[in-house]
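Reviewing the structure listed below.
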Amino acid sequence: MKEYLSAVNSGTFYAIVACVLVFITVMCIVFCVKSYKAGIRLGMDKKVLKKTITSSATFTLLPSISILLGVIALSGTLGVPLSWLRLSVIGALQYELNVAEIAAQSFGLSGLNVSEMNMTAFVTIALVMTVGILGGIICCIFFLKKYTKKLNAAPKKEKTGENKKPGFGAHATTAMFVGLCAAYIGSYIGKLTPGGGSDAMPLIVAGIAAACMAVFEFLIQKKKILVLENFSLAASMLIAMAAAVVINTVM
Amino acid sequence: MTEKEKFFEEFNNGLHRIGRITLILGTLLLIAIPFIIGAINGVMPDLGGFAAGLAKVGVIYIPVAIVEFLVYSPMLGVGGSYLSFITGNVTNMKIPCVMNATDIAGTKAGTPEHEIISTISVATSAIVTMLVIVAGVILLVPLQPILQQEALTPAFNNVVPALFGALGLKYFAKSPKIAAIPLLLMSLLCVFVPAMIKETSILLIPSGGLALLIGFVLYKKDKL
């Protein structure tokens, strides 16, 4: 395990990730500068443009720290450089972990388990995580120009009536994630049985994470401490993971 | 076409050109990384495992990616879309950030001003996130020996249950009517057919499909 962890945390890997992230940062700077100049050319107030930069920077600060907590959560299994890369580009914590788990099982492991990992599994999982999330990018490369032209050409529809029912689309994503969670929680319940290995730890950890999330939801919804929204997921996970260490030591 | 409209069209065409080139280059770089790391360590990705994993991931995430593209790109504008889809965290960070910035600037969707504000907002957000994570990673490096302690193995071995416990609470509380049957069926299946426990990646497909079906029926009956 030590050998695996030192390979996935090698200096070379850090350097490669840094190069890719510099490329993407330069892309962001180019887009920002071009848009700023275009805004001036279109007669927009410089104060408004500067305010956009400062408000977006401050707005992003807290959620970025929660992404950093996600890097810590992923780093124990996949190493810091890959976690750093995956959470800086394209993905989000939920996607990365779910896909890594699916890829680990497809490779023949019991799951994303650091004790079972080796370098072949690692590069396979990394490739599935990378290619699996390219859908949005492929859509942008091939269809964004046509799609935006079509949207601009289409006559703006006036909203007719206040009682118009929203589409199923918004519910579809929620339903999909409900199904996803049901499959995982069901498997943790199955692990309690002798046939499943009588392993209660995953269900206990999931239960602790759910309890923490319930407390956060209460504080957000009822007490209106909205700043917690940014941290609820990562913090619930880290508390539950810490509990796993304590339970393992005690038992 | 006014001069302003003409300028904006040319500007957008320029963004499309740079956006496409950089996205293609970025994608190639990202795909190359597992191969480079593999080559350094004398291994290559297992193509069978990759194909099996990708097929399961694709069933779930290709429709999600298409829906996100169709719904979010009009909100993000041209520049904002190219940047958001390469830098990620679209739903949880970029969209709220753009909505906040355009609210403050008071621009209307579909106008050139709105697109400019949106692009600047996404670019700034992405750069700040990169910087925060870089700072965090620099702080994490000295902590590596602690994070790699054997005693912490149970924590990292249970990162997936921790995620789905927290997410499950959130989504089940949001839609208990959709959740009840898939949760019960998946639990029964794993209890009575323990071999399925190791096949969670396959279970996701019927479970997600069932939840979608129940959601659709409830939606049609106005019971969501």
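Both backbone and side-chain heavy atoms feed into the values below; hydrogens, waters and symmetry mates do not. Being a predicted model, the structure only gives us computed values, none of them experimental. Chain identifiers are assigned alphabetically (A, B, ...) following the order of the sequence lines, protein sequences preceding nucleic acid strands; residue numbering begins at 1 within each chain.
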Which side-chain N or O atoms in residues 149-161 of chain B pair as donor and acceptor under 3.5 Å with protein atoms at least two apart or in another chain?
{"from": "B:T153", "atom 1": "OG1", "to": "B:E150", "atom 2": "O", "distance (Å)": "2.7"}
{"from": "B:N157", "atom 1": "OD1", "to": "A:V114", "atom 2": "N", "distance (Å)": "2.8"}
{"from": "B:N157", "atom 1": "ND2", "to": "A:N113", "atom 2": "OD1", "distance (Å)": "3.0"}
{"from": "B:N157", "atom 1": "ND2", "to": "A:S115", "atom 2": "OG", "distance (Å)": "3.2"}
{"from": "B:N158", "atom 1": "ND2", "to": "B:P154", "atom 2": "O", "distance (Å)": "2.8"}

Between B:F7 and chain A, which part of the residue has a heavy atom less than 4.5 Å away: side chain, backbone, both or neither?
side chain
Report which part of B:L70 has an atom under 4.5 Å of a heavy atom belonging to chain A: side chain, backbone, both, or neither.
both
Measure the shortest side-chain to side-chain distance between B:L163 and A:L233 over non-hydrogen atoms and say whether it is less than 4.5 angstrom.
yes
Can you tell me how far apart CG (B:L23) and CZ (A:F142) are? Round to the nearest 0.5 Å.
10.5 Å
Side chain, backbone, both or neither: which part of B:N12 has a non-hydrogen atom closer than 4.5 Å to chain A?
neither
Do A:S106 and B:K56 have side-chain N/O donor and acceptor atoms under 3.5 Å apart?
yes
Residue B:E68 versus chain A: region with a heavy atom under 4.5 Å:
neither
A:S56 side chain to B:T124 side chain, donor-acceptor N/O pair below 3.5 angstrom:
no
As a test of understanding, state which of A:F177, A:Y188, A:Y184 forms a ring pair (Phe, Tyr, Trp, His ring centres under 6.0 Å) with B:F164.
A:Y184
Under 3.5 Å, which donor-acceptor pairs do the side chains of residues 26-38 of chain A form with other protein atoms, sequence neighbours left out?
{"from": "A:S35", "atom 1": "OG", "to": "A:F31", "atom 2": "O", "distance (Å)": "2.8"}

A side-chain contact here means heavy atoms from C-beta on lying under 4.5 Å apart; do A:L42 and B:F11 qualify?
no
Contact class of B:F192 relative to chain A, heavy atoms under 4.5 angstrom:
neither
Which bit of B:F35 comes within less than 4.5 Å of chain A, counting heavy atoms only: side chain, backbone, both or neither?
side chain
Would you say the side chain of A:F107 lies within less than 4.5 Å of the side chain of B:D46, judging by non-hydrogen atoms?
yes
Looking at A:A7 and B:N41, what are the two nearest heavy atoms and their distance?
CB-OD1, 3.7 Å
